[in-house]
Amino acid sequence: MKKLESREDIEYLVNSFYNKVVKDETIGFFFNDIAKVDWDQHLPKMYSFWESILFGQMTYKGNPMGVHFPINEIQAMEQKHFDRWLLLWRTTIEENFVGENADMAIYKSENIAKLMAFKMELARRL
């Protein structure tokens with residue numbers, strides 16, 4: 001197992017994770033059917049997002065919350081979906097990486113999922 005320490009590692013992690021996501025029965029439909037993700041555009045954004053979070057490289061430009069609200073209006077993004085996202089993310093990390101940055105990627109993802117789940121539920125109530 002190797003340490004998570006470069007942009008190339010993040011690219012491998014993100015690609016491995018989304019390979020699981022698109023096949024997943026619980027959350028894959030959000031990406032495949034609702035958002036109809038253009039992977040050539042989405043993946044580089046995710047590389048930059050995680051590079052910014054883990055390495056402080058401010059390469060990400062965007063509003064992750066804002067992108068998810070329209071999807072949430074079409075199909076509720078519920079706690080069970082975020083739990084599944086977390087499980088796939090954590091599993092992908094643990095299968096491939098060790099060390100402080102791997103642990104941080106899990107920790108940060110848990111915080112992101114909590115915030116997103118809260119905001120998506122709040123938006124559905126308004």
Side-chain angles (χ1 to χ4, degrees):
M1 296 271 263
K2 85 185 268 354
K3 291 185 176 182
L4 179 58
E5 55 193 2
S6 68
R7 168 87 179 202
E8 291 76 24
D9 292 339
I10 288 174
E11 290 178 11
Y12 183 83
L13 169 61
V14 167
N15 290 340
S16 299
F17 168 69
Y18 280 110
N19 283 336
K20 292 176 183 178
V21 166
V22 298
K23 299 175 203 162
D24 189 78
E25 292 181 12
T26 304
I27 62 173
F29 73 96
F30 282 108
F31 298 85
N32 300 321
D33 303 326
I34 296 173
K36 295 180 175 40
V37 171
D38 177 342
W39 294 105
D40 290 334
Q41 290 190 6
H42 185 67
L43 291 173
K45 287 180 186 175
M46 293 299 92
Y47 306 152
S48 294
F49 177 80
W50 285 105
E51 184 178 42
S52 296
I53 286 181
L54 295 176
F55 304 145
Q57 302 293 325
M58 301 312 290
T59 55
Y60 177 74
K61 306 283 187 256
N63 178 354
M65 201 63 68
V67 172
H68 290 82
F69 284 125
I71 296 165
N72 189 53
E73 289 178 15
I74 296 168
Q75 173 68 48
M77 298 174 80
E78 300 174 332
Q79 186 64 52
K80 66 182 177 182
H81 300 120
F82 290 101
D83 290 345
R84 184 65 179 167
W85 179 85
L86 279 172
L87 177 64
L88 294 174
W89 180 252
R90 185 181 315 111
T91 301
T92 306
I93 292 169
E94 291 173 349
E95 288 171 349
N96 295 285
F97 297 100
V98 294
E100 186 177 330
N101 286 331
D103 294 342
M104 185 60 67
I106 292 170
Y107 174 75
K108 294 283 188 174
S109 69
E110 291 168 348
N111 290 330
I112 290 165
K114 285 178 192 169
L115 180 62
M116 296 265 299
F118 172 76
K119 289 199 172 196
M120 294 303 122
E121 182 179 341
L122 187 62
R124 288 192 306 274
R125 292 181 184 178
L126 299 176

* **ILVMFWY network linking L87 to L115, side-chain heavy atoms under 4.5 angstrom** => no
* **Side-chain heavy atoms of D33 within contact of Q75, under 4.5 Å** => no
* Asked: More than 12 heavy atoms of other residues, nucleotides or ligands under 6.0 Å from CZ of F29: is that the case?
  -> yes
* To do: Would you sort out whether M65 and M120 count as a side chain to side chain contact (heavy atoms under 4.5 Å, CB included), showing the intermediate values?
  => CA-CA 9 Å; M65 201 63 68; M120 294 303 122; 3.7 Å; yes
* Under 3.5 Å, is there a donor-acceptor pair between the side chain of R124 and the main chain of M77? -> yes
* **Common cluster, I34/F31, ILVMFWY with side-chain heavy-atom separation under 4.5 Å** => yes
* To do: Would you give the length of the straight line joining atom NZ of K45 to atom CG of L43, rounded to the nearest 0.5 angstrom?
  => 11.0 Å
* Asked: Is any side-chain heavy atom of E110 closer than 4.5 Å to a side-chain heavy atom of R90?
  -> yes
* Could you go step by step and tell me if L88 and V21 meet the side chain to side chain contact (heavy atoms under 4.5 Å, CB included) rule? -> CA-CA 7 Å; L88 294 174; V21 166; 4.1 Å; yes
* Hey, any chance I53 and Y107 share a hydrophobic cluster, counting ILVMFWY side chains that come within less than 4.5 Å of each other, even indirectly? -> yes
* Asked: Does the side chain of N96 come within less than 4.5 Å of L13's, by heavy atoms?
  -> no
* Structure fact -> Closest non-hydrogen contact found for K20 with T91 is NZ-CG2, 3.8 Å
* Asked: Does atom NZ of K3 have more than 12 heavy-atom neighbours from other groups under 6.0 Å away?
  -> no
* To do: Count the heavy atoms belonging to other residues, nucleotides or ligands that lie under 6.0 Å from CD of E100, then report whether that count exceeds 12.
  => no
* Structure fact -> Separation between CG (N72) and CG (L122), nearest 0.5 Å, reads 10.5 Å
* Asked: Is the backbone of M116 close enough, under 3.5 Å, to the side chain of K119 for a donor and an acceptor to pair up by distance?
  -> no
* Considering non-hydrogen atoms only, spot the tightest contact between T26 and R84 and give its length. => CB-CG, 3.7 Å
* Closest approach of Y47 and I10, non-hydrogen atoms and distance? -> O-CG2, 3.7 Å
* Distance (rounded to the nearest 0.5 Å) between E121 CD and L126 CG -> 11.0 Å
* Note, L54 side chain near L4 side chain (heavy atom, < 4.5 Å) -> yes
* Asked: How close do V67 and I71 get, heavy atom to heavy atom, and via which atoms?
  -> O-CD1, 3.8 Å
* Checking N15 side chain against E11 main chain: does a donor-acceptor pair fall under 3.5 Å? -> yes
* Asked: Do the non-hydrogen side-chain atoms of S48 and R7 ever get within less than 4.5 Å of each other?
  -> yes
* **I27 with W39, same ILVMFWY side-chain cluster at under 4.5 Å** => yes
* Structure fact -> Of all heavy-atom pairs linking V22 and N32, the shortest is O-ND2, 2.9 Å
* To do: Report, as yes or no, whether the 6.0 Å neighbourhood of atom CZ on F55 holds more than 12 heavy atoms from other residues, nucleotides or ligands.
  => yes
* Is F49 reachable from F69 through a run of hydrophobic residues whose side-chain heavy atoms are each under 4.5 Å from the next? -> yes
* Asked: With W50, which of F17, W89, Y18, Y60 fulfils ring-ring contact (aromatic ring centres under 6.0 Å, His included)?
  -> W89
* Structure fact -> On a heavy-atom basis, the closest approach of M1 and E94 is CE-O, 2.7 Å
